[in-house]
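Note sheet for the following structure.
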Number of protein chains: 2
Amino acid sequence: MNKKSKLSTDNYKGVRDFYPEDHRIQEYMFSRMRKVVKDFGYEEYNASPLEYTEIYKAKSGEEIAKEQTYTFKDKGDRTISLRPEMTPTAARMIAKRNRELIFPVRWYSISNIFRYESPQKGRLREHYQLNADIFGGVPEKADLEMIDLTHRLMRNFGAKTTDFTIRMNDRRILGSLYDIHQIDEDDRPSVSKLLDKKNKISEKELIKEMTRYLDKERVKLFLETISTPTKTLEDVGQEHPAVKHIVSIIEELSVVGITNIIFDPTLVRGFDYYTGFVFEVFDTDPDNSRSIFGGGRYDTLISLFCDREIPAVGFGLGDVRLLEFLKSHSLLPLNETEVKVMICHMNEHPYARSSSVANVFRDNNIPTEVDISGKKIKDQISKASKKNIPFIVVIGEDEKMKVKHLDSKEEREMTIEDAIEWITETLITEGSWQEK
Amino acid sequence: MNKKSKLSTDNYKGVRDFYPEDHRIQEYMFSRMRKVVKDFGYEEYNASPLEYTEIYKAKSGEEIAKEQTYTFKDKGDRTISLRPEMTPTAARMIAKRNRELIFPVRWYSISNIFRYESPQKGRLREHYQLNADIFGGVPEKADLEMIDLTHRLMRNFGAKTTDFTIRMNDRRILGSLYDIHQIDEDDRPSVSKLLDKKNKISEKELIKEMTRYLDKERVKLFLETISTPTKTLEDVGQEHPAVKHIVSIIEELSVVGITNIIFDPTLVRGFDYYTGFVFEVFDTDPDNSRSIFGGGRYDTLISLFCDREIPAVGFGLGDVRLLEFLKSHSLLPLNETEVKVMICHMNEHPYARSSSVANVFRDNNIPTEVDISGKKIKDQISKASKKNIPFIVVIGEDEKMKVKHLDSKEEREMTIEDAIEWITETLITEGSWQEK
């Protein structure tokens, strides 16, 4: 086969290959996420990325459902999609077992989602997301837990409370403002969409776009009100249940020391299905003041699937933005191989001997690779060193073996029992011992 | 919205929803897989399930590439597929970095793969697979490690050596038999396919199908030879390198006590890209003597992607057949919730108080749920009991709290420090403490 006819090694446009060094970083993020949500009592669920398309049509938002989803017909003429988000799947599954589940239900999932982004934008077509949701329960308390959980997640990644801010709003406050400023019912989705992208466009552009729905004078007044929390509160009134809710969240959380939260009346969030409380976590770094992730309350989505209203709140934390945040705040751990021992050989050796020794190390929780390169001992050691494997073990003729710690160059001749002890102690001292 | 217009709660035909109790079983299987392959030095990689279709056309086998794959065009008119198997992706990724990687490379992945099975067969359209592969190294030693690893995987799931058999063959032995029995070059793929499904059809049917390629007398002779390892060895000869290789594997592994392996000249395996050594693990239960999983050597696949031949061997262990095996041999652990404490409330309570207490438990590695049901204390406790949460904690007015162990009905009033100690000790005694 000549060079021209080789198959391309490119991955599909907009998706990622995870080589072991990339996978370790992702696994670090996922394991931290798992630890925190499990500690809060969330249980993991999952589903296929293939779903009937109809579950997205209702509430995911026009743009996502129509333009940004991988949708195709299967051979049975069913219209199916690669999930663009996880919430409709969770809602479907909750609805299916709504008579058996014990509410409130706390669920989480770490799963890949697909968006048909245009490649020009340089955005990814597949990314991973932690979704954590509470179905049922007292909504005010569930919303509080969401912020508590969000805060704890960020802190668990090593973020300081000054590194991020949690902005909160309630769709009902926005609705009340629309009433007061007489924004036409039909125009409201478009105005919300505009507010949602207000940080990505200039003020001038925002005003210009807004004049499609209000005259210029009133646009100014509306934008001034919504950009000033106190003015919004004046307009909407302290007695509005959504206002009382936001104020009480801020008060209750300040008691447990969570104070990096603010009320932001302009906060919208993209999904059409949100019905009340919404929140979003922002990086406080002025050079990178982007949204990291967010969520909100969706009390009517599940009733699309069953004859029962089940209030729900949740968020989706994506791996790409989280990684950016962790990188820019230097919060990533060292990216090291997990193999601790390479078994090398002076001469041609029977597999049985190396395998027996390796399996004893493995039984003692020491990940161990056997050299099968067929190369000379010098090359075997240099290979282990290049791969940053901390110890090499050279098996000889008798029961004793040579163990070498590559960093310190210390070499000892010892029995396998002593070798296990020395290796384990050294790894514990170096902080790279992994309990299993 | 009336009942008729509700969205269906069905998942897409042929795929599965994983409710928490299903997910826990899967996670049990995956964590065992991870532990074993990591101990052997395999590193995890991953990639998107979306791949350009062309990577499957070359070698996955006609049936899989053409009829059983989800293939569609994206909006940029690219033909893409949902991966029907992981090996071509791994080969592509290895080829892409073949100049940088340090060979031999040991990789594993636990990922979902998609097959367009016809729904009548009742087979799944998506399942998960552990793929473990060695790229490079001395082929004989790599093949040996594959069997060693396979054996250790099965043993780690609690299988006794009498519960399974590893059958082995070499495609080159088959090729030699085809030569000897004068089976036409063009007919060989079809004959191999027949042998591959010989356990699923009757002997009569097999003979009938075979007569399309050989006259009846020779079919009988061929089938007799191939069904009798000693006859095959006589025909092919002890000096054939593939025969020597199989014999040496059996000898070397018997030294480390692995004896449930046999040479089976009829073993083919489905993929076209296998070039030599192949193996398959079978359940020894006479009522369920199915293949559980298998793998083989593919030394030419990577050279489809780059100007270099990199020998490779690997296997794919699917979750569905493994689960069947574990179930039928009673090897699954108890399926319990991981939440250990439910915080309940006598009266209306501030969130801050429950959150502070819960977070102290969480800091001490005790997954803790806060009751947010808004129900009476009696209902809160009965809910915790239904969910099999072992402890409830009732927060009162002062620093003391009531802790109740639901199984023993023992109740104590204590400080949070004492509660943590009691709960931890009880969980350790009950064997349900999880180190983090």
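Since this is a predicted model, take the numbers as computed values, not measurements. Naming: A, B, ... by sequence-line order, numbering from 1 per chain.
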Note to self: I'd like to know whether B:S48 forms a side-chain contact (heavy atoms from CB on, under 4.5 Å) with A:F114, so could you lay out the CA-CA distance, the side-chain angles of the two residues, the decisive distance to 0.1 Å, and finally the verdict.
What the structure shows: CA-CA 10 Å; B:S48 173; A:F114 302 82; 4.3 Å; yes
Margin query: I'd like to check A:D39 versus B:T368 (side-chain heavy atoms, cut-off strictly below 4.5 Å). Are they in contact?
Written below: no
Check: Any idea which of B:G137, B:G374, B:G14 has the most non-hydrogen atom pairs under 4.5 angstrom with chain A?
Finding: B:G137
Check: Heavy atoms, side chains only, cut-off 4.5 Å: are A:K96 and B:N11 in contact?
Finding: yes
Item checked: Interface residue of largest heavy-atom contact number with chain B, from A:L101, A:L253, A:L82, A:V105, under 4.5 Å -> A:L82
Notebook entry, point to check: Are A:R92 and B:D17 close enough, and set up right, to give a salt bridge (Lys or Arg N to Asp or Glu O under 4.0 Å), and what steps lead you there?
Noted result: CA-CA 10 Å; A:R92 177 180 66 66; B:D17 282 340; 2.8 Å; yes
Check: In Å, rounded to the nearest 0.5 Å, how long is the span from OG of B:S382 to CD1 of A:I102?
Finding: 8.5 Å
Notebook entry, point to check: Among A:T89, A:V339, A:L144, A:D22, who wins on heavy-atom pairs under 4.5 Å with chain B?
Noted result: A:L144
Next item on the list: Enter the distance from A:L7:CG to B:I55:CD1 here, rounded to the nearest 0.5 Å.
Entry: 8.0 Å
Margin query: I'd like to verify something: which residue of A:M93, A:E51, A:E140, A:K141 has the highest number of heavy-atom pairs under 4.5 Å with chain B?
Written below: A:M93
Check: Looking at side-chain heavy atoms only, is the closest gap between A:S8 and B:E54 below 4.5 Å?
Finding: yes
Notebook entry, point to check: Hey, which of A:V255, A:V15, A:L50 has the most heavy atom pairs under 4.5 Å with chain B?
Noted result: A:L50
Note to self: Taking salt bridge (Lys or Arg N to Asp or Glu O under 4.0 Å) as the cut-off, I'd like each qualifying pair that reaches into residues 356-375 of chain B, sequence neighbours left out, listed once.
What the structure shows: A:R106-B:E369, A:R152-B:D363, B:E369-B:K387
Note to self: Heavy-atom cut-off 4.5 Å, strictly under: side chain, backbone, both or neither for A:I134 against chain B?
What the structure shows: side chain
Check: So, are A:E43 and B:R24 salt-bridged, with charged N and O less than 4.0 Å apart?
Finding: yes
Notebook entry, point to check: Does B:W107 reach the side chain of A:P20, with side-chain heavy atoms less than 4.5 Å apart?
Noted result: yes
Next item on the list: Specify which of B:R16, B:E145, B:K386 makes the most heavy-atom pairs with chain A at under 4.5 Å.
Entry: B:E145
Check: Pick from A:Y42, A:Y351, A:Y45, A:F103: which one has the most heavy-atom pairs with chain B under 4.5 Å?
Finding: A:Y351
Item checked: N-O pairing of B:R125 and A:D74 below 4.0 Å -> yes
Notebook entry, point to check: Which of the residues B:S248, B:C306, B:A142 is involved in the greatest number of heavy-atom pairs with chain A at under 4.5 angstrom?
Noted result: B:C306
Next item on the list: For chain B, find which of A:N359, A:V256, A:I80, A:I366 contributes the most heavy-atom pairs closer than 4.5 angstrom.
Entry: A:N359
Notebook entry, point to check: Is any side-chain heavy atom of A:P49 less than 4.5 Å from a side-chain heavy atom of B:E126?
Noted result: yes
Notebook entry, point to check: Any side-chain heavy-atom pair from B:K35 and A:N365 closer than 4.5 angstrom?
Noted result: yes
Checklist line | Aromatic B:F305 / basic A:K6 pairing, under 6.0 angstrom, 45° off normal | finding: no
Checklist line | Residue, of B:N112, B:I258, B:V370, that accumulates the most heavy atom pairs under 4.5 Å with chain A | finding: B:V370
Checklist line | Atom group of A:Y70 that falls short of 4.5 Å from chain B, counting heavy atoms | finding: side chain
Margin query: Testing the basics here: between B:I372 and A:P104, what is the closest heavy-atom pair and its distance to 0.1 Å?
Written below: CG1-CG, 3.9 Å
Next item on the list: Output, in order, the C-alpha distance, side-chain angles, deciding distance and verdict of side-chain hydrogen bond (donor to acceptor under 3.5 Å, both in side chains) for B:Y128 and A:N46.
Entry: CA-CA 12 Å; B:Y128 284 78; A:N46 197 8; 3.3 Å; yes
Notebook entry, point to check: For the candidates B:E251, B:K340, B:R97, which exhibits the highest count of non-hydrogen atom pairs separated by less than 4.5 Å from chain A?
Noted result: B:R97
Next item on the list: Tell me, for B:A358 versus chain A, whether the close heavy atoms (under 4.5 Å) come from the side chain, the backbone, both or neither.
Entry: neither
Notebook entry, point to check: Would you call A:K38 and B:E27 a salt bridge, using N to O less than 4.0 angstrom?
Noted result: no
Note to self: Using 0.5 Å steps for rounding, measure from the OG atom of A:S355 to the CZ atom of B:F40.
What the structure shows: 6.5 Å
Notebook entry, point to check: At a heavy-atom separation under 4.5 Å, does A:T337 approach chain B through its side chain, its backbone, both, or neither?
Noted result: both
Next item on the list: Establish, yes or no, whether a centroid distance under 6.0 Å links the rings of B:Y52 and A:Y12.
Entry: yes
Notebook entry, point to check: Between A:A95 and chain B, which part of the residue has a heavy atom less than 4.5 Å away: side chain, backbone, both or neither?
Noted result: both
